[in-house]
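Worksheet: the structure to be examined is printed underneath.
All values reported here derive from a predicted model rather than from experimental measurement. All values below come from the heavy atoms of this structure, side chains included, with hydrogens, waters and symmetry mates left out. Each chain gets a letter, A, B and so on, in the order its sequence line appears, and its residues count up from 1.
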Amino acid sequence: MKYTALKGIHDIFPPDIYIWKKVESVAEEVLSSYGFHEIRVPIIESTDIFIRSIGETTDIVEKEMYTFPDKAGRSITLRPEGTAPVVRSYIENHLYNMPSPQKFFYAGPMFRYERPQKGRFRQFYQIGAEAFGAAEPKLDAEIISMLKLFLERLSLKELNFEVNSIGCEMCRPDYKKALTAFLGDRTDALCPDCQRRHSHNPLRILDCKVNACIELRKGAPQVTNYLCKECKEHFGELLALLKLLNISHIINPNMVRGLDYYTRTTFEVTSEHLGAQKAVAAGGRYDRLVEEFGGPPTPAIGFAIGMERLVEILKTCQSELETPSPKIFFATIGRQADREGLSIAEKLRSKGIQVELGYGNASLKSQIRRADRLNADYVFIIGEDELKSGRIKWKKLKDASHGEIGIGEIESFSGLFQS
RNA sequence: GUGAGCGUAGCUCAAUGGUCAGAGCAUUGGACUGUGGCUCCAAGGGUUGGGGGUUCGAGUCCCCUCGCUCACCCCA
C-alpha cells in the first residue's frame, strides 16, 4: 500500500459515521437543555497555553504534544485537550462579562503523540463541556447528571461513575506531606516509576498498578480525610446531591487526574466493554485556572467524552445504525429511458427524496440487484415499453409487490410517503 | 519511550523446506434475451508487507526494516 493514514490516525466512514452523527446530535440536544452553547476554538494554539494549563511536568506536555515552529519561528501545538483553548477564549473575548455561569460545549479532534492501542489514538475526538463562574457543588452535580442523561439517551448501560475530591491549593500540600511521610523510608520498595513520582507527583503513586506499590500503599492516608473545611463541605454536598438525584457512584480516593489544573471534584465514567483504556468520559473542577491564565478569579468545571471509546461501546453493545438508503432506484434501459429517469429523479430529489440511478449500461438484472443491495424501497423500471405507454413499472423490493404508474403521477406516488 | 504477538486475494483464513500459493465469503458475469434475495456455474483479483541471507529449492528457517495489534506508561 503506497499511501496510508498516519499511525494512530483513522478515517471515519459509513456505516460508522452514522453512529458518530447520532452521538453528536444527542449530545447537542442534551447539553442544550442544560444551557450549554457551542463554542468553536482553534485546533492549534501557542504552545505555552498548554504548558501553563496542563502542567510542565505532566506526560502530555513532556512527551505527547505535536509541537512545531511556524514559519515565523513561533512554537505552535496541536491541541492535546480542549479545556485550555476554551479558557483562553473565555478570557480573550471577555466572556466573563456575560451573566454567570457561562456554559459551553465543543466537539472536535485532539492530538497526542502516543503509542496507539485499543481506545487510544494520536488523533481522537472529544465532546467537551465547560461551565464558568459558579463554585457551588450544585453545578458539579448537574454536570455529572447531564453526563448520565446523555449516556442514557444513547442506551448505554453498565457504566461506572467514580468521583473523588483532590482538595485545593490550601489542603492538598498537607495531604502530599502525609502521603510521603507514610511511605517514609520504604520508597526503595516502590517500582522505579513510583520512585520518580515520589519526589515530584506523589499522588500518582495512588493509581499505580504494580503489585508492590499496591501493597505499600495499603493503609495510606486518603485524600478525602485531609480536605480543608471548605473542600470537605463541597465534597459532602456533592455526594448528598448525587444521592438526591439518584446517581449511583463509587467514591474512588485513588482517582487522580493527569492534568495539573484540577481542584476539588474529579470524576470519571468507565466501561467494562473497553480495553485497558476504559475511561469513556472524565473531568473535574478547575477553580484556579482562569485566574492563572490572567482572567478574573473564576471557578469552573468541565469534562470531556472520548468519542472513539463511546462509539466502540455502541458498536459492541447495540445493533448497528443503518446507512440511509434510497427511496427509489431508477433502473433504465436505453439512452432515452436513461434521460427520462434522470429527469424524474432530479424532480424527486429537489423535494428531498433520496433517489439512486443505474449506471454503466448494466443489465436490468444487475441494476435491480444493486438496488437491492443499496436497500432501496422501490425500483422504477423504464424501458422502451414504458416510454411508449407513458406508464412506468414499479416494484417494492421488500414484498415484491408491483404495479404501474403514469409518468406524470410519480411525484404523488403514495409509496413515497410510507416508511 | 518499553515489551509481546501478528503480517498470504477486498475480508476471514489454509498450504511437512519441494509441482503453477489455495478455500470460504465478497465482487463481476452467466444459467434466467426486461425483474433482486435462494441455488448452481464461471471469471477477475497475489511482488506471500519490503530488503538481504542460508539452501539444489523459502510463504515456511535466519537477520534487518516497515506496518498493524495488544499491553506497560499515560489518558478521553
Side-chain angles (χ1 to χ4, degrees), chain A residues 1-8 10 54-55 57-65 79-83 107-129 147 191-194 196-197 201 204 207-210 255-259 266-271 274-284 302-313 329 331-334 337 358 360 362-387 392-402:
Chain A
M1 201 103 36
K2 195 168 181 187
Y3 298 111
T4 58
L6 299 176
K7 183 197 279 288
H10 299 287
I54 297 167
T57 62
T58 57
D59 276 31
I60 292 178
V61 168
E62 276 183 348
K63 50 196 193 195
E64 294 175 3
M65 295 205 301
R79 62 182 188 193
E81 58 106 41
T83 300
M110 306 296 163
F111 304 84
R112 290 183 201 170
Y113 195 86
E114 302 181 88
R115 276 291 269 281
Q117 71 183 76
K118 192 175 178 69
R120 194 173 71 183
F121 312 95
R122 289 188 172 178
Q123 175 174 334
F124 59 100
Y125 290 77
Q126 289 186 339
I127 296 175
L147 191 50
C191 72
D193 283 330
C194 283
R196 202 164 29 80
R197 289 171 183 139
N201 198 352
R204 296 227 65 92
D207 67 351
C208 181
K209 288 158 201 135
V210 176
M255 182 175 66
V256 279
R257 319 255 61 244
L259 294 82
T266 59
F267 57 94
E268 202 166 295
V269 184
T270 60
S271 166
L274 295 168
Q277 312 302 325
K278 59 182 187 172
V280 70
F303 66 79
I305 300 160
M307 279 291 282
E308 286 84 355
R309 294 180 187 179
L310 191 58
V311 169
E312 173 75 17
I313 304 172
F329 186 103
T332 52
I333 303 146
S363 68
L364 181 62
K365 181 196 188 72
S366 69
Q367 289 188 66
I368 293 176
R369 185 161 48 218
R370 180 159 161 258
D372 185 47
R373 290 184 191 174
L374 289 172
N375 207 16
D377 288 348
Y378 292 89
V379 178
F380 279 30
I381 298 163
I382 310 177
E384 278 179 36
D385 299 348
E386 290 77 11
L387 288 176
I392 290 176
K393 294 210 177 78
W394 60 263
K395 182 173 189 176
K396 190 175 184 180
L397 292 177
K398 200 173 168 186
D399 56 15
S401 60
H402 52 90

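For the pair Q126(A) and R120(A), both in contact range of RNA chain B, the more 5′-proximal nearest nucleotide belongs to R120(A). RNA chain B is contacted by both E81(A) and I368(A); I368(A) maps to the nucleotide lying nearer its 5′ end (nearest heavy atom per residue).
For R369(A) and rU27(B), the shortest distance from a side-chain N or O to OP1 or OP2 is not below 4.0 Å. Side-chain nitrogen and oxygen atoms of S363(A) include none within less than 4.0 Å of the OP1 or OP2 phosphate oxygen of rG34(B). OP1 or OP2 of rC72(B) has at least one side-chain nitrogen or oxygen of Q117(A) nearer than 4.0 Å. Put simply, R373(A) has a side-chain N or O that comes within less than 4.0 Å of OP1 or OP2 on rU27(B). For rU35(B), the OP1/OP2 oxygens have no side-chain nitrogen or oxygen of K395(A) closer than 4.0 Å. Regarding contacts with the backbone of rU69(B), every side-chain N or O of K118(A) stays at 4.0 angstrom or more from both OP1 and OP2.
Base-pair partner of rG36(B): not found among the strands shown (Watson-Crick or G-U wobble, both distances under 3.5 Å). Remark: rG22(B) base-pairs with rC13(B); criterion is Watson-Crick or G-U wobble with both hydrogen-bond distances under 3.5 Å. Nucleotide rG46(B): unpaired (no Watson-Crick or G-U wobble partner with both distances less than 3.5 Å). Pair assignment for rG1(B): rC72(B), on the basis of Watson-Crick or G-U wobble contacts that are both within less than 3.5 Å. With a cut-off of 3.5 Å on both pairing distances, rA58(B) has no Watson-Crick or G-U wobble partner at all. Across all strands shown, the partner of rG67(B) is rC6(B), judged by Watson-Crick or G-U wobble contacts whose two distances both fall under 3.5 Å.
At a threshold of 4.0 angstrom between heavy atoms, the contacts of F121(A) include nucleobase atoms, whether or not backbone atoms are also involved. Among the heavy atoms of the strands, none lies under 4.0 Å from G283(A). Counting non-hydrogen atoms under 4.0 angstrom, K393(A) reaches a base of the nucleic acid. Within 4.0 Å (heavy atoms only), A371(A) reaches no atom of the nucleic acid at all. Residue contacts for I305(A): at a heavy-atom cut-off of 4.0 Å it reaches no nucleic acid atom on any strand shown. Among the protein residues, S366(A) comes within range of the sugar-phosphate backbone only, with heavy atoms under 4.0 Å from sugar or phosphate atoms but none that close to a base. Residue contacts for L259(A): at a heavy-atom cut-off of 4.0 Å it reaches the sugar-phosphate backbone alone, with no base atom in range. In this structure, E386(A) reaches the bases: a heavy-atom distance under 4.0 Å links it to at least one base atom across the strands shown. If you check every strand for non-hydrogen atoms under 4.0 Å, A400(A) touches a base. At a threshold of 4.0 angstrom between heavy atoms, the contacts of R257(A) are confined to the sugar-phosphate backbone, with no base atom among them.
One can place NZ of K63(A) at 10 Å from P of rC75(B), the figure rounded to the nearest angstrom. If you measure from atom CD of E384(A) to atom C1' of rG34(B), you get 10 Å, rounded to the nearest angstrom.
Distance from the side chain of E308(A) is smallest to rA76(B) among rG36(B), rG34(B), rA76(B). For I333(A), the listed nucleotide lying nearest its side chain is rG34(B); candidates were rG3(B), rG34(B), rC73(B).
The gap from the C1' atom of rC6(B) to that of rU65(B) amounts to 16 Å, rounded to the nearest Å.
The two atoms that bring F121(A) and H10(A) nearest to each other are CD2-CD2, 3.5 Å, heavy atoms only.
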- Task: Assess whether side-chain contact (heavy atoms from CB on, under 4.5 Å) is satisfied between I313(A) and L274(A), documenting all intermediate values.
- Result: CA-CA 7 Å; I313(A) 304 172; L274(A) 295 168; 3.8 Å; yes
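A side-chain donor-acceptor contact under 3.5 Å links R79(A) to the backbone of P109(A).
Evaluation of atom-type donor-acceptor distances gives a pair under 3.5 Å for the side chain of R309(A) against the base of rC75(B). Donor-acceptor pairing under 3.5 Å, judged by distance alone, is absent between the side chain of Q367(A) and the base of rG34(B).
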